[in-house]
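Down below is the structure, laid out as structure tokens.
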Amino acid sequence: MEALLLLALSILTGAGCRDWGVTLPAGPVAGWSGSCVTIPCSYTYPEGQLVRAVTWSRDTERIVWLTATARQGYDRANRAQFLGDLQHNCTLSLNPLVLGDGGAYSFEFQTQSQTWRSPRAVCLTVSEHPCRVQHSMSRTPGVLSGSMDCSISKRCSSSGLYWYDRASTQILQETGKSKSKLSMRVIWQHRGAVLECRVWGYRNRCLPKGPQPPATGQPHHLKVLVDTDGPGPIREGDSFTLRCVGDSESLDQVYFWIHDYEDLPGSSSVQIQGATLSHGGNYTCMKWVSDIGRAYLAISPTTYVAILDGSDWYQLSPGLMAGFGAGILLLFLLSNLGVYCLARRIRQRKELGGSLQGGSREDPSAPQRDSLYEEIPCAEEIPCPLDDDGDYYNSPKDYCN
């Protein structure tokens with residue numbers, strides 16, 4: 001009897017354990033960088049349980065955490081997408097893949113009574129995509145000599161590589177199945193635009209069905225900005241920085257600089273310390289962005305940088321010239337105003353003196369004008385000095401008057 005009870009208890013316990021589980025792919029999952037991968041997943045639990053949270057981890061790093069009220073990710077949150085729910089689906093999608101995404105992926109879910117983790121992990125390997133378009137630059141001394149080559153691996157199944165302009169019009173050039181060459185003279189004719197090198201016949205299976213959007217349809221235009229240490233023109237001995245600025249960033253991008261038709265090493269910015277007259281001239285930057293099945297080359301318009309001779313101290317920028325001219329004009333107006341006021345004051349004094357000398361009498365009926373001098377009242381109490389006979393020299397009236 002006790003044996004039957006133990007057998008029944010073991011069966012019930014085993015059935016309960018089998019209700020908890022996570023199902024993952026049996027073998028490893030492989031993907032190419034730049035493409036996408038989906039890891040199918042499902043999980044089960046006994047009836048009556050309520051799932052409160054689910055978690056995906058890569059090795060020891062949590063990448064997705066979903067609860068009934070919140071969803072969190074990590075730095076790849078824009079690429080990791082949880083396609084499941086809080087019931088039985090736990091499928092995970094990664095798009096696009098990068099080489100660092102490889103690792104062991106495991107799933108875990110939590111109910112009100114316990115936490116269950118998949119007993120094993122699925123291994124994801126990520127390798128370089130054979131249809132990623134690479135670049136190479138071949139330059140020889142001379143004005144606009146050399147070319148830009150785009151190439152793909154021979155393992156990429158395609159019908160060839162072709163260059164296109166901003167209007168998606170094919171550019172005639174030397175091309176082959178795995179390499180295409182575009183001369184620098186053609187590139188120079190498209191300054192301020194974007195050129196695309198496209199793998200003919202390639203289709204990105206991670207995008208929805210339909211026409212594949214060309215890279216040139218995206219706004220990736222460049223411009224060169226010049227940063228100086230202070231206001232005013234750049235002179236010999238000054239320092240300045242050239243920045244290649246665009247309206248987009250990519251994981252795989254390379255910058256090129258051309259100064260007066262000659263290559264200039266640098267990244268997205270070039271710093272010039274102790275400028276000389278030879279640092280002046282035309283600057284153009286280019287940015288190569290590699291992708292799967294396509295790549296594009298953005299070329300900035302040419303920007304001119306002037307370097308002034310350090311001895312030409314009299315050379316002023318247009319802003320300083322305008323300020324200097326405004327100051328001279330203001331000083332001229334103030335001087336004229338002062339001369340006018342002084343002349344008017346002198347004329348008034350002359351007119352007043354002429355009227356006194358002419359013996360003119362004022363009209364008693366005319367309103368009295370204020371005197372220029374303060375009237376001193378007669379002070380009879382002021383004692384006047386006596387002479388030897390005891391008489392005053394003058395009467396108080398005479399003294400006061």
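When reading the values below, keep in mind they use all heavy atoms of this one structure, side chains included, and skip hydrogens, waters and symmetry mates.
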Nearest 0.5 Å please: distance from the [atom1] atom of [X] over to the [atom2] atom of [Y].
X    : Y    : atom1 : atom2 : answer
D85  : L66  : CG    : CG    : 9.0 Å
M286 : R191 : CE    : CZ    : 11.5 Å
I152 : K179 : CD1   : NZ    : 11.5 Å
H135 : L297 : NE2   : CG    : 9.5 Å
L333 : I328 : CG    : CD1   : 11.5 Å
S278 : E236 : OG    : CD    : 9.0 Å

Does [X] reach the side chain of [Y], with side-chain heavy atoms less than 4.5 Å apart?
X    : Y    : answer
I258 : D263 : yes
Y164 : Y296 : no
W288 : C150 : yes
V305 : L242 : yes
M148 : L195 : no
W20  : P46  : yes
V133 : V199 : yes
V270 : H259 : no

What's the shortest heavy-atom distance between [X] and [Y], and which atoms?
X    : Y    : value
P25  : I39  : CD-CG2, 4.1 Å
A193 : R166 : CB-NH2, 2.8 Å
R117 : S106 : NH2-OG, 2.8 Å
C36  : L97  : C-CD1, 4.2 Å
Q87  : Y45  : O-CE2, 2.8 Å
H129 : W32  : NE2-CE3, 3.1 Å

Does either side chain, that of [X] or that of [Y], offer a donor lying less than 3.5 Å from an acceptor on the other one?
X    : Y    : answer
T284 : T302 : yes
S138 : S147 : yes
E108 : T115 : no
T91  : N89  : yes

May I ask you to decide if [Y]'s main-chain N or O and [X]'s side chain share a donor-acceptor pair within less than 3.5 Å?
X    : Y    : result
W257 : S267 : yes
R344 : C341 : no
T44  : D19  : yes
D59  : E61  : no
T111 : Q114 : yes
Q110 : A53  : no

Carboxylate-amine/guanidinium contact R243 D227, below 4.0 Å: yes
Is the ring pair F82/F107 parallel, tilted or perpendicular, if the boundaries are 30 and 60 degrees? parallel
